[in-house]
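Below: one structure, written as structure tokens.
Here is the naming used below: chain letters follow the sequence lines, and residue numbers restart at 1 for every chain.
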Amino acid sequence: AQSVTQLDSQVPVFEEAPVELRCNYSSSVSVYLFWYVQYPNQGLQLLLKYLSGSTLVKGINGFEAEFNKSQTSFHLRKPSVHISDTAEYFCAVRRTSYDKVIFGPGTSLSVIP
Amino acid sequence: EAQVTQNPRYLITVTGKKLTVTCSQNMNHEYMSWYRQDPGLGLRQIYYSMNVEVTDKGDVPEGYKVSRKEKRNFPLILESPSPNQTSLYFCASSPSEGARGYTFGSGTRLTVV
């Protein structure tokens with residue numbers, strides 16, 4: 001069975017500082033990996049995804065993530081955060097096309113002015 | 001604009017009064033799914049559908065029904081709502097090619113009193 005762990009439930013960070021949100025997954029087969037963002041009172045929006053190939057994936061709003069197969073991790077990073085990045089971030093995995101997406105518990109990012 | 005539309009956005013109802021939350025997508029996606037989001041529990045899948053007339057249970061299907069009579073619509077039915085179904089509900093869709101990830105609706109906040 002697959003599972004997703006997000007080690008930090010809350011991450012406060014000052015504006016313009018870098019941030020890393022951690023995600024680890026377990027799966028016995030290859031998976032697709034995703035990061036979603038949920039702004040207050042909104043649905044989830046796809047930030048970026050890893051399918052195959054280059055382990056560094058760039059997404060929207062200046063975010064990027066690095067896939068590490070040996071550590072089964074897919075950490076999300078941004079070199080300089082803005083107030084508008086305050087949101088809930090979810091890491092997710094999907095095994096095959098018709099398989100369900102399994103979400104991690106989420107990390108609440110709070111950007112402090 | 002490509003989107004998943006859920007209605008209503010907010011709903012307060014009484015225990016036992018049947019209700020339907022509608023979900024419609026305009027992207028010709030094969031796969032559709034319902035999730036509920038609860039504090040501390042993350043997103044849990046209720047039901048999903050791989051195509052018209054093909055539905056199956058997710059992780060927390062008790063107390064819910066779905067139907068998929070048309071490709072674009074995937075309503076969630078609560079025949080006899082109870083207070084433990086108070087939650088934030090999301091509909092999501094994706095093409096059969098799973099690497100594309102989900103497109104989410106804006107959510108329905110349901111309160112059962």
Side-chain angles (χ1 to χ4, degrees), chain A residues 1-10 21 23 25 27 29-54 57 59-60 63 65 67 74 76 87-108, chain B residues 1-10 21 23-25 27 29-51 54-61 66 68 88-109:
Chain A
Q2 309 153 80
S3 67
V4 180
T5 303
Q6 292 181 247
L7 297 170
D8 306 301
S9 60
Q10 296 184 46
L21 306 183
C23 171
Y25 70 95
S27 177
V29 299
S30 296
V31 295
Y32 304 131
L33 294 160
F34 306 90
W35 274 99
Y36 287 86
V37 59
Q38 184 181 26
Y39 298 107
N41 298 315
Q42 295 187 27
L44 281 75
Q45 178 182 351
L46 184 64
L47 260 183
L48 49 79
K49 59 188 177 184
Y50 174 78
L51 311 179
S52 62
S54 173
V57 179
I60 61 173
F63 283 92
F67 171 61
F74 190 53
L76 181 71
E88 191 85 13
Y89 292 80
F90 293 92
C91 183
V93 302
R94 192 178 201 183
R95 201 169 41 168
T96 64
S97 294
Y98 282 107
D99 209 5
K100 67 181 178 185
V101 176
I102 295 177
F103 291 89
T107 296
S108 178
Chain B
E1 180 188 354
Q3 60 186 357
V4 176
T5 302
Q6 284 181 240
N7 281 297
R9 287 293 307 274
Y10 301 92
V21 183
C23 173
S24 181
Q25 50 95 1
M27 296 164 284
H29 285 170
E30 290 82 12
Y31 187 96
M32 297 185 75
S33 182
W34 277 102
Y35 285 84
R36 60 178 289 174
Q37 184 180 22
D38 302 288
L41 297 176
L43 286 135
R44 295 178 292 168
Q45 190 182 49
I46 303 170
Y47 269 95
Y48 65 95
S49 169
M50 292 191 289
N51 216 321
V54 181
T55 64
D56 208 347
K57 297 176 181 179
D59 300 314
V60 288
V66 293
R68 188 93 181 271
L88 180 58
Y89 292 86
F90 287 103
C91 181
S93 72
S94 77
S96 57
E97 207 296 293
R100 296 270 298 276
Y102 281 165
T103 299
F104 279 87
S106 298
T108 295
R109 186 167 292 282

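- By the 4.5 Å heavy-atom criterion applied to side chains, B:Q37 and A:F103 are not counted as neighbours.
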Determine, stepwise, if the pair B:Y102 / A:F34 fulfils side-chain contact (heavy atoms from CB on, under 4.5 Å).
CA-CA 10 Å; B:Y102 281 165; A:F34 306 90; over 6 Å; no
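- Proximity to chain B is limited to the side chain of A:Q38, based on heavy atoms less than 4.5 angstrom apart.
- Residue contact with chain A, scored on non-hydrogen atoms closer than 4.5 Å, involves the side chain of B:R9 exclusively.
- The side chain to side chain contact (heavy atoms under 4.5 Å, CB included) test applied to B:C23 returns B:V4, B:M32, B:W34, B:C91, not counting sequence neighbours.
- The OG1 atom of B:T103 sits 8.0 Å away from atom CG of A:L46, with the distance rounded to the nearest 0.5 Å.
- The CD1 atom of A:I102 lies 9.0 Å from the CD atom of B:Q45; values are rounded to the nearest 0.5 Å.
- For A:R94 and B:Y48, the positive end is not near the middle of the six-membered ring at less than 6.0 Å and at most 45° from its axis.
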List the steps, then state whether side-chain contact (heavy atoms from CB on, under 4.5 Å) holds for B:Y35 with A:V101.
CA-CA 10 Å; B:Y35 285 84; A:V101 176; 3.8 Å; yes
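- Contacts of B:L41 with chain A are absent, with no heavy-atom separation under 4.5 Å from either backbone or side chain.
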For A:L44 and B:L43: C-alpha separation, side-chain torsions, deciding distance, then whether side-chain contact (heavy atoms from CB on, under 4.5 Å) applies.
CA-CA 11 Å; A:L44 281 75; B:L43 286 135; 3.7 Å; yes
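- Looking at A:F90, only its side chain comes within 4.5 Å of chain B, counting heavy atoms on both sides.
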